[in-house]
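Side chains are part of it too, since the values below use all heavy atoms of this structure and drop only hydrogens, waters and symmetry mates. Residue numbers start from 1 in every chain, and the chains themselves are labelled A, B, ... in the order their sequence lines are given, proteins ahead of strands. No experiment lies behind these values; they were computed from the predicted model shown.
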Protein chains: 2
Amino acid sequence: MGITIRDVAAKCGLSISTVSKVFNNYTDISEETRTLVLRTAQNIGYYPSSIASALKTNRSYNLGVLFQAESHSGVTHSFFSLVLDALKTTAEALGYDITFINHNIRNSMTYLEHCRYRNVDGIALVCANFYSPEVIELVESEIPCVIIDHIFEGKTCILSENFSDMQKLTQYAIECGHKKIAFVKGEQTSVTTARLSGFRETMQKNRLAVPNEYIIESRYDNPEEGVHAFKHLATLPDRPTCIIMPDDNTALGALQAAAEMQLRVPQDISICGYDGIRLGQLVRPRLTTIRQDTRTMGELAAEKLIKRIERISTCDEGVFYVPGQLIPGESVGALK
Amino acid sequence: MGITIRDVAAKCGLSISTVSKVFNNYTDISEETRTLVLRTAQNIGYYPSSIASALKTNRSYNLGVLFQAESHSGVTHSFFSLVLDALKTTAEALGYDITFINHNIRNSMTYLEHCRYRNVDGIALVCANFYSPEVIELVESEIPCVIIDHIFEGKTCILSENFSDMQKLTQYAIECGHKKIAFVKGEQTSVTTARLSGFRETMQKNRLAVPNEYIIESRYDNPEEGVHAFKHLATLPDRPTCIIMPDDNTALGALQAAAEMQLRVPQDISICGYDGIRLGQLVRPRLTTIRQDTRTMGELAAEKLIKRIERISTCDEGVFYVPGQLIPGESVGALK
DNA sequence: TATGTAAACTAAAACGATTTCGTCATATAT
DNA sequence: ATATATGACGAAATCGTTTTAGTTTACATA
């Protein structure tokens, strides 16, 4: 079928060992031979097959990525997509391709089976249900892995500084004069818990009460849920003056709901987002939000994982926090 | 290292040939042996390695995907991401994984080299610069390929019905009473050309003039560009009453620009989008737009490509059009 | 001249599967 | 009883590389 190392060797009058060595940067090859081989390879369109090489070396230069966007939610999950993008770019620069891990393949294998099937060198959990047995089995396997936005005991984890970032955001709202601040939670995860703690602690530090009815449950990245949550809070007998939404997409929903209810933002009510998506700075009022450093998170994840795979250093385990940035925006301000 | 077919064979007291045959559904295996092998494999955690299998069969069950989102534009490219998602899901259901083709790997290989390196069975061009030599080289190689949203002579192509969809959209605007309609073009591609033709033809059919200054160039999926284009058109001495934007993201920019200019939509000016992204139906006024059937496009692409790879049928070449759907929305209406 | 050394190259055994022929019972047909 | 067919399994070559342990040649040294 294709052109193999054999063809190059034949054309050069060399053994396949020599050709292989050229492509693997062995030093016991003369400069002439090296250029000859490289040139001939180029000429006849040869490129070493990663498959054969992987079989021999047991290294696929492939990273498994678990990216369980609850598909077809329609909204491309802004935060995770951006992290994934950075991770992918960094991995590629280091010579690794990405394979999405799923259980759709063939006779529906498990995540771990899929990883073994594809011989991935490592796995990145970008967006997953960390409580499902299948994911746990994967994390606890012998395959090196890195986890984004969740803490797994003893594993390499990359997280936003959710706690202190939320402190910043809450403090900002308070400094804008708000005392009655509501908090809309996303799905129950360790991230949600960290953010809620940051919120609670800051409120307490400022001696501000948080009635139970000001903490409600909703979902991440679902504008419709944002509409819903906002309307619920805005029609409370004792309406909060500021609402912290789970993220920017829900905050956009909230903004919309406010408009429908003839409430001006921020004159009548303030709204905070989280994530720092682009669109949030395009709408009016611009969202007050925390911009998560998705780029750094993705890069870090790829680097740590690959270093572990290549055993370059041993200080790549543990939890790494990436700070976010407060974007003041315009959706939080003093009451009229 | 890992568990191989040898381990299963040993444990079962069978030859590796027999074990292999079980996994490949050969018929000359007794039912008892089959279940024995399967059960033992399960027990010791064996899964056949795609790498070894690929080396022997020359089939990687991997599809290369060219997805050249001009990265870091920030806006995840809604249309292409959704197509990609459908393509990926369909491919996975048929037993294929996805590998992104790029030239970042190692010593920067070309797209074609990357494909050979990974032994992909076929390639899908989802989002690419079709005029670059590298892409052309790829398309003209012997690897089966399918192209989305562009026509490549003699290749399998999947496109939206841009021409007639734009006719629908334009006709709708006209029926709302508009006579002065402007058209903002995205980057110059065959898709852009088809849409512009659909627009022009419909205008002509309705005996409506299109001044040159009503056709302007902009870019796809860039809200800021949308703001820019809108402001330009809205400050024209003879301002159009309706503006057709390249897509929903730019239309959202236009909506924002209108608000800034104190123009009510659609009372003062009408705006059309294209794509049918979710957010477009969440903002007020809801966008009048064409919803492209990304799901069908992605599915079709995967199916056609895989059928070609597996040589199931021969009628998978040529151009396939997928109709879009007019979403009336609220951003187009009669003038005040 | 004999010996040691270094540079440049090669032979051949893997890696983990697939697949083509065989082989060897046993069952059926003649 | 002999020939043939069938069912169930195995031997071994092979896919395209990598890598170890040579081999060969040239040259320097004793």
Next on the checklist: B:Thr294: which residues meet the side-chain hydrogen bond (donor to acceptor under 3.5 Å, both in side chains) condition with it, sequence neighbours left out?
Outcome noted: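 Checked B:Thr294 against side-chain hydrogen bond (donor to acceptor under 3.5 Å, both in side chains); zero matches.
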Checklist outcome for this item: Taken in chain and number order and not counting sequence neighbours, the residues that satisfy side-chain hydrogen bond (donor to acceptor under 3.5 Å, both in side chains) with A:Thr90 are none
Protein-nucleotide distance ([X], atom [atom1]; [N], atom [atom2]), rounded to Å:
X        : N      : atom1 : atom2 : result
B:Glu31  : D:dC9  : CD    : C1'   : 15 Å
A:Lys56  : D:dT14 : NZ    : P     : 18 Å
B:Ile5   : C:dT19 : CD1   : C1'   : 12 Å
B:Asp28  : C:dC24 : CG    : C1'   : 14 Å
A:Leu55  : C:dT18 : CG    : P     : 12 Å
A:Arg6   : C:dA12 : CZ    : P     : 13 Å
B:Asn119 : D:dC15 : CG    : P     : 14 Å
B:Ile3   : C:dC15 : CD1   : C1'   : 16 Å

Next on the checklist: Please report the end-to-end axis angle for the helix from C:dT1-D:dA30 to C:dT30-D:dA1, five pairs per end, rounded to 10 degrees.
Outcome noted: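 Roughly 60° between the end axes, to the nearest 10°.
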Using salt bridge (charged side-chain N to carboxylate O under 4.0 Å, His left out) as the criterion, list what pairs up with [X], not counting sequence neighbours.
X        : value
B:Asp121 : B:Arg59
A:Glu153 : none
B:Glu32  : none

Next on the checklist: The criterion is side chain to side chain contact (heavy atoms under 4.5 Å, CB included); which residues satisfy it with B:Ile136, sequence neighbours excluded?
Outcome noted: B:Glu140, B:Phe152
Checklist entry - For B:Thr296, which residues count as a side chain to side chain contact (heavy atoms under 4.5 Å, CB included) partner, sequence neighbours excluded? => result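 With sequence neighbours excluded, B:Thr296 shows a side chain to side chain contact (heavy atoms under 4.5 Å, CB included) to B:Asp293, B:Val322, given in chain and number order.
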Checklist entry - Got a sec? Which of residues 14-24 of chain B come in under 4.0 Å of DNA chain D, heavy atoms? => result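 Close to the strand are B:Leu14, B:Ser15, B:Ser17, B:Thr18, B:Lys21.
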Checklist entry - A:Tyr26 has a side chain; which of D:dT19, D:dA8, C:dT18 sits nearest to it? => result D:dT19
Next on the checklist: It should be established whether B:Thr33 places a side-chain nitrogen or oxygen under 4.0 Å from OP1 or OP2 of nucleotide D:dC9.
Outcome noted: yes
Checklist entry - Would one find a side-chain N or O of A:Thr4 under 4.0 angstrom from OP1 or OP2 of D:dC15? => result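 Checking A:Thr4 against D:dC15: no side-chain N or O falls below 4.0 Å of OP1 or OP2.
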Next on the checklist: So, using ring-ring contact (aromatic ring centres under 6.0 Å, His included) as the criterion, who are the partners of B:Tyr220 when residues are at least two apart?
Outcome noted: none
Item to check | Under-4.0 Å salt bridge between A:Lys307 and A:Glu303 | outcome: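 No salt bridge links A:Lys307 with A:Glu303.
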Next on the checklist: Can you say whether a donor on the side chain of B:Asn58 sits under 3.5 Å from an acceptor on the base of D:dC15, or the other way round?
Outcome noted: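 Result: no qualifying N/O pair found.
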Next on the checklist: I need the residues from residues 35-46 of chain A with at least one non-hydrogen atom less than 4.0 Å from DNA chain C; give them sorted by number, or say none.
Outcome noted: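 Heavy-atom cutoff 4.0 Å gives no residues at all.
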Checklist entry - Counting only heavy atoms not in B:Lys155, do more than 12 fall under 6.0 Å of its NZ? => result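 Yes - once you tally the heavy atoms of other residues, nucleotides and ligands closer than 6.0 Å, there are more than 12.
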Item to check | Residue pairs fulfilling side chain to side chain donor-acceptor pair (under 3.5 Å) with at least one residue in residues 34-44 of chain B, sequence neighbours excluded | outcome: none
Item to check | Aromatic ring pairing B:His103/B:Tyr111, orientation class (parallel under 30°, perpendicular over 60°, tilted between) | outcome: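 Geometry flag for B:Tyr111 against B:His103: parallel rings.
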